[in-house]
Number of protein chains: 2
Amino acid sequence: MKKINAKKGTLLQQKGEISSKVYLVENGLLRSYTIDEKGKEHIYMFGPENWLVADNCEPNTPCQLFIDAVEDSIINVATKEELLKEDPDLNALLRRLETMQNRIIMLMSSNAKERYEHFVKTYPNITQRVPLKMVASYLGITPEALSRVRHELSQKK
Amino acid sequence: MKKINAKKGTLLQQKGEISSKVYLVENGLLRSYTIDEKGKEHIYMFGPENWLVADNCEPNTPCQLFIDAVEDSIINVATKEELLKEDPDLNALLRRLETMQNRIIMLMSSNAKERYEHFVKTYPNITQRVPLKMVASYLGITPEALSRVRHELSQKK
DNA sequence: CCTATGCATTGATGTACATCAAGAAATGAC
DNA sequence: GTCATTTCTTGATGTACATCAATGCATAGG
């Protein structure tokens with residue numbers, strides 16, 4: 001756990017970095033965000049005093065989020081390894097957080113078609129086990145919209 | 001940890017219940033969902049084999065989600081108290097999961113105005129500390145749309 | 001078997017929000 | 001201070017998706 005000072009605008013973590021850290025904000029304000037293929041920024045989280053800011057990805061995988069300082073900030077930085085050593089079965093929860101993080105980013109940055117394609121990739125078997133209207137409800141679109149997306153995709157092939 | 005059998009369609013948990021449980025799916029398929037004010041259903045999560053399904057609310061607060069069985073299922077049920085006894089500092093993570101759950105539900109069920117009002121309530125001070133375009137980026141809307149929402153809200157008062 | 005209920009599809013129309021463009025106001029650099 | 005840059009607002013237009021309504025298909029129950 002190392003204490004550091006970050007001037008407003010400092011980039012603490014880049015999307016794609018492997019050794020993503022955990023940032024405990026003592027003072028100031030951090031933000032984590034991603035940039036989609038269209039170049040659009042989506043803020044995932046603000047981290048004011050006493051918040052924990054981190055990319056919820058598994059240790060030793062490339063992370064998804066940029067993290068920078070919105071105000072001059074004082075922050076405590078830890079590695080995930082450090083934290084996992086203290087509490088090993090955090091791992092399952094971390095994976096859960098990752099799933100939710102992906103979902104939030106998807107909801108903010110993807111249209112109906114992209115969401116559906118992502119869903120099929122992530123849960124290949126579920127599509128056969130539930131009525132399509134439930135898939136639509138999970139994706140945040142109407143059954144009608146999903147029907148049209150599926151029609152369009154089947155044409156393309 | 002009690003093992004139970006749930007026929008397709010069985011409702012395991014109602015929105016508003018206090019003692020929400022944790023469900024580990026051994027076999028079958030669960031789903032958790034909420035119903036918004038317009039009566040519309042939003043599926044929060046599917047729980048196939050080996051998934052953990054739960055409302056990520058704090059123990060002893062009314063929960064937000066309905067949970068039911070989409071297929072005939074075999075499930076292990078635990079109370080949150082049980083789990084917290086085993087691992088007390090899960091509490092911080094639970095609160096984090098709750099925040100993300102709220103965000104996902106909000107993204108699926110609310111329009112721009114509702115999201116902004118919710119944001120202001122949840123982070124009253126942040127609005128003053130960051131440019132509005134960052135708030136827009138957090139809410140998943142454009143700065144232009146946020147500007148119009150704010151204009152509309154200020155008229156109303 | 002027949003009928004009722006739920007599900008999926010298709011078309012017509014509506015709407016919330018995005019995009020594009022321009023100008024005004026605030027902020028920062030020097 | 002002045003100029004440049006970023007932020008915010010406002011208007012005009014476009015578009016993805018919702019809503020509404022009708023129809024065809026399953027599936028389940030008696």
Side-chain angles (χ1 to χ4, degrees), chain A residues 7-11 29 31 33 35-43 46 68-72 106-120 126-157, chain B residues 7-11 29 31 33 35-43 46 68-72 105-120 126-156:
Chain A
K7 277 259 165 239
K8 176 174 176 170
T10 311
L11 193 61
L29 182 62
R31 85 207 235 253
Y33 61 99
I35 298 179
D36 66 25
E37 328 77 49
K38 294 154 216 150
K40 205 161 167 184
E41 224 175 83
H42 302 277
I43 295 185
F46 289 112
D68 68 10
V70 179
E71 303 172 349
D72 294 350
M106 201 193 59
L107 283 170
M108 289 204 294
S109 60
S110 304
N111 62 21
K113 190 161 92 191
E114 292 162 340
R115 285 185 213 177
Y116 175 66
E117 290 176 315
H118 181 268
F119 177 79
V120 172
I126 300 279
T127 318
Q128 277 83 54
R129 291 165 68 182
V130 301
L132 285 178
K133 61 169 209 162
M134 285 196 190
V135 176
S137 163
Y138 179 91
L139 297 176
I141 61 178
T142 57
E144 292 95 328
L146 178 57
S147 173
R148 286 184 246 259
V149 163
R150 282 165 54 91
H151 179 75
E152 194 190 334
L153 286 174
S154 68
Q155 296 296 81
K156 264 199 189 139
K157 287 299 156 66
Chain B
K7 276 258 164 240
K8 176 173 177 172
T10 310
L11 193 61
L29 182 62
R31 85 208 234 253
Y33 60 100
I35 298 180
D36 67 24
E37 327 77 50
K38 294 153 215 149
K40 205 162 167 183
E41 224 176 83
H42 302 278
I43 295 185
F46 289 111
D68 68 10
V70 180
E71 302 172 350
D72 293 350
I105 291 172
M106 201 191 60
L107 284 170
M108 288 204 293
S109 60
S110 305
N111 62 23
K113 190 162 92 192
E114 291 163 341
R115 286 186 213 176
Y116 176 65
E117 290 176 316
H118 181 268
F119 177 80
V120 171
I126 300 279
T127 319
Q128 278 82 54
R129 292 165 67 182
V130 303
L132 285 179
K133 61 170 209 158
M134 283 196 191
V135 176
S137 163
Y138 179 91
L139 297 177
I141 61 178
T142 57
E144 292 95 327
L146 178 57
S147 173
R148 287 183 246 259
V149 162
R150 282 166 54 92
H151 179 74
E152 193 189 336
L153 286 175
S154 68
Q155 296 295 83
K156 263 197 191 142

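Small disclaimer: the values here were computed from a predicted structure and weren't measured. Just so we're on the same page: letters track the sequence lines, and every chain starts at 1.
- Between Ser109(A) and His42(A) the shortest heavy-atom distance is CB-NE2, 3.4 Å.
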Nucleic acid footprint by protein, nucleotides 13-21 of chain D - heavy-atom cut-off 4.0 Å, B for base, S for sugar-phosphate alone: ----SSBB-

Atom pairs under 3.5 Å, N or O on each side, protein against nucleotides 6-8 of chain D: can you list them with distances?
{"residue": "dT7(D)", "atom": "OP2", "partner": "Lys133(B)", "partner atom": "NZ", "Å": "3.1"}
{"residue": "dC8(D)", "atom": "OP1", "partner": "Leu132(B)", "partner atom": "N", "Å": "2.9"}
{"residue": "dC8(D)", "atom": "OP2", "partner": "Leu132(B)", "partner atom": "N", "Å": "3.0"}
{"residue": "dC8(D)", "atom": "OP2", "partner": "Lys133(B)", "partner atom": "N", "Å": "3.1"}

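- Between Asp72(B) and Lys8(B) no salt bridge is recorded (no basic side-chain N to carboxylate O distance below 4.0 Å).
- Phosphate contact (OP1/OP2 of dT9(D), side-chain N/O of His151(B), threshold under 4.0 Å): absent.
- Asp68(A) approaches Arg31(A) most closely through the heavy-atom pair OD2-NH1, 2.7 Å.
- Between Ile126(A) and Phe119(A), the shortest heavy-atom distance links the atoms CG2-CZ, 4.1 Å.
- To the nearest 0.5 Å, atom NZ of residue Lys40(A) and atom OG of residue Ser137(B) are 8.5 Å apart.
- Protein atom CD of Glu152(A) is 19 Å distant from nucleotide atom P of dA8(C), rounded to whole Å.
- The side-chain heavy atoms of Val135(A) and Arg150(A), taken from C-beta on, include no pair separated by under 4.5 Å.
- Taking all atoms of both residues into account, the shortest heavy-atom contact from Arg115(A) to Leu107(A) is NH2-O, 3.6 Å.
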Could you go through residues 141-149 of chain A and list every donor-acceptor pair under 3.5 Å that involves a side-chain atom there, pairing it with any protein atom two or more places apart or in another chain?
{"residue": "Thr142(A)", "atom": "OG1", "partner": "Ala145(A)", "partner atom": "N", "Å": "3.2"}

